[in-house]
Amino acid sequence: MSTPTRSGLFLTFEGPEGSGKSTQIRRLAEHLTAAGQTVLLTREPGGTPFGDKIRHLLLDPGGGRLQPETEAFLMLAQRTEHLRQVIRPAQAAGTHVLCDRYVDSSLAYQGYGRGLGVELVRQLHAMTLGEFLPDLTVLFDLDPRLGLERARHGGKKSFDRMESEAVAFHDKVRHGYLELARREASRFLVIDAAAPEERVFALLLQGLQERVPVLFEGVARR
Ligand code: TYD
């Protein structure tokens, strides 16, 4: 008789531009894979072929100003495909899903940044996606000035539609993230992303070992 597969965890990673989030997730995925875990690294907007098309529409710097609702609906549309077609099936097969940005990006960017209000964005998700919250959300917190500066120094030549927004917009996004983390402390792990990369990675592993030990079951500590 085969043993039933245990459902994988759904972990999401959030933060402002230039927080080093994507590098940290890649390192985490490598760390877990090397230790024998099955993980899926995915991202939003995107994660499905249709979602990637929506991503292109949303981030195209030539896309101009969109109504905040349009932005929120497109984010929700790509998320519906992603959650139902990729994330939930992977979890059901016992794979841990590491997702670079998810619903908290909509709450922070569209809810706070664009001023739609966090409750409206949350309601849209609850109405259409039912159980949509991740098991744990890591917030890489950083002053957006530092993040945008890092992105520039990292050799980035052109900014996408969101990155091109004024610093005041990114300040609202950061404030939104911190407010979300404060309100839902049991779902969030907040990490100071201003620290050097090695230190941030050590804090990430330590935090995850404390908060979701099941992720490390059978994994040797380094
Ligand atoms: P991306 O290049 O993936 O940014 P990063 O490398 O910083 O993660 O671009 C995604 C952009 O889309 C980013 O500016 C945040 C924004 N976004 C939203 O505004 N709402 C959302 O729901 C999501 C998923 C992303």
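This is a predicted model, so every value here is computed, not measured. Remember, it's 1-based here, ligands and their atoms both numbered in the order they're listed.
Distance check, rounded to the nearest 0.5 Å: CZ of Arg150 to CG of Leu142 gives 5.0 Å. Atoms CD and CZ, from Gln24 and Phe201 in turn, are 7.0 Å apart once rounded to the nearest 0.5 Å.
The proximity of Leu59 to ligand 1, defined as any non-hydrogen pair under 4.0 Å, is limited to the side chain. Contacts between Met75 and ligand 1 below 4.0 angstrom, taking non-hydrogen atoms only, involve the side chain exclusively. With a 4.0 Å heavy-atom cut-off, ligand 1 is reached by the side chain of Arg55 but not by its N, CA, C or O. Residue-level proximity to ligand 1 for Asp160 is carried by the side chain, the only part with a heavy atom below 4.0 angstrom.
Considering all non-hydrogen atoms of both residues, Pro61 and Phe159 come closest at CB-O, 3.7 Å. Across Val200 and Asp192, no two heavy atoms sit closer than the pair CG2-O, 3.7 Å.
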Show, in sequence, the C-alpha distance, side-chain angles and deciding distance for Arg43 and Glu14, and conclude whether the salt bridge (charged side-chain N to carboxylate O under 4.0 Å, His left out) test is met.
CA-CA 11 Å; Arg43 71 168 178 188; Glu14 299 282 352; over 6 Å; no
Kindly determine whether Lys172 and Glu165 satisfy salt bridge (charged side-chain N to carboxylate O under 4.0 Å, His left out), including the steps that lead there.
CA-CA 11 Å; Lys172 283 192 229 166; Glu165 284 291 337; over 6 Å; no
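Annotation: Glu71 places no N or O atom under 3.5 Å from an N or O atom of ligand 1; distance criterion only. Between Ser106 and ligand 1, at least one pair of N/O atoms sits closer than 3.5 Å.
Annotation: cation-pi geometry satisfied between Arg114 and Phe169 (NZ/CZ under 6.0 angstrom from ring centroid, within 45° of ring axis). Taking the centre and axis of the six-membered ring of Tyr102, the NZ or CZ atom of Arg79 falls inside the cone set by 45° and 6.0 Å.
Between His125 and Phe132, the ring planes are tilted. Angles from 30° to 60° get that label.
Ligand 1 places these atoms under 4.0 Å from at least one heavy atom of Glu44: 24 (C). Atoms of ligand 1 found under 4.0 Å from any heavy atom of Lys21, numbered from 1 in the order shown, are 5 (P), 8 (O).
Among all protein heavy atoms, the one lying closest to atom 23 (C) of ligand 1 is Ser105 CB, 3.3 Å. Of the protein's non-hydrogen atoms, the one nearest atom 7 (O) of ligand 1 is Arg101 NH2, 3.0 Å. Nearest protein neighbour of atom 14 (O) of ligand 1, counting heavy atoms only, is Glu17 OE2, 2.9 Å. Nearest non-hydrogen protein atom to atom 6 (O) of ligand 1 is Ser22 OG, 4.2 Å. Counting only heavy atoms of the protein, atom 20 (N) of ligand 1 lies nearest to Gln110 OE1, 2.8 Å. In terms of protein heavy-atom proximity, atom 24 (C) of ligand 1 is closest to Arg79 NH2, 3.5 Å. Among all non-hydrogen protein atoms, the one lying nearest atom 16 (C) of ligand 1 is Met162 CG, 4.0 Å.
Side-chain contact between Arg183 and Val118: present, with at least one pair of heavy atoms (C-beta onward) separated by less than 4.5 Å.
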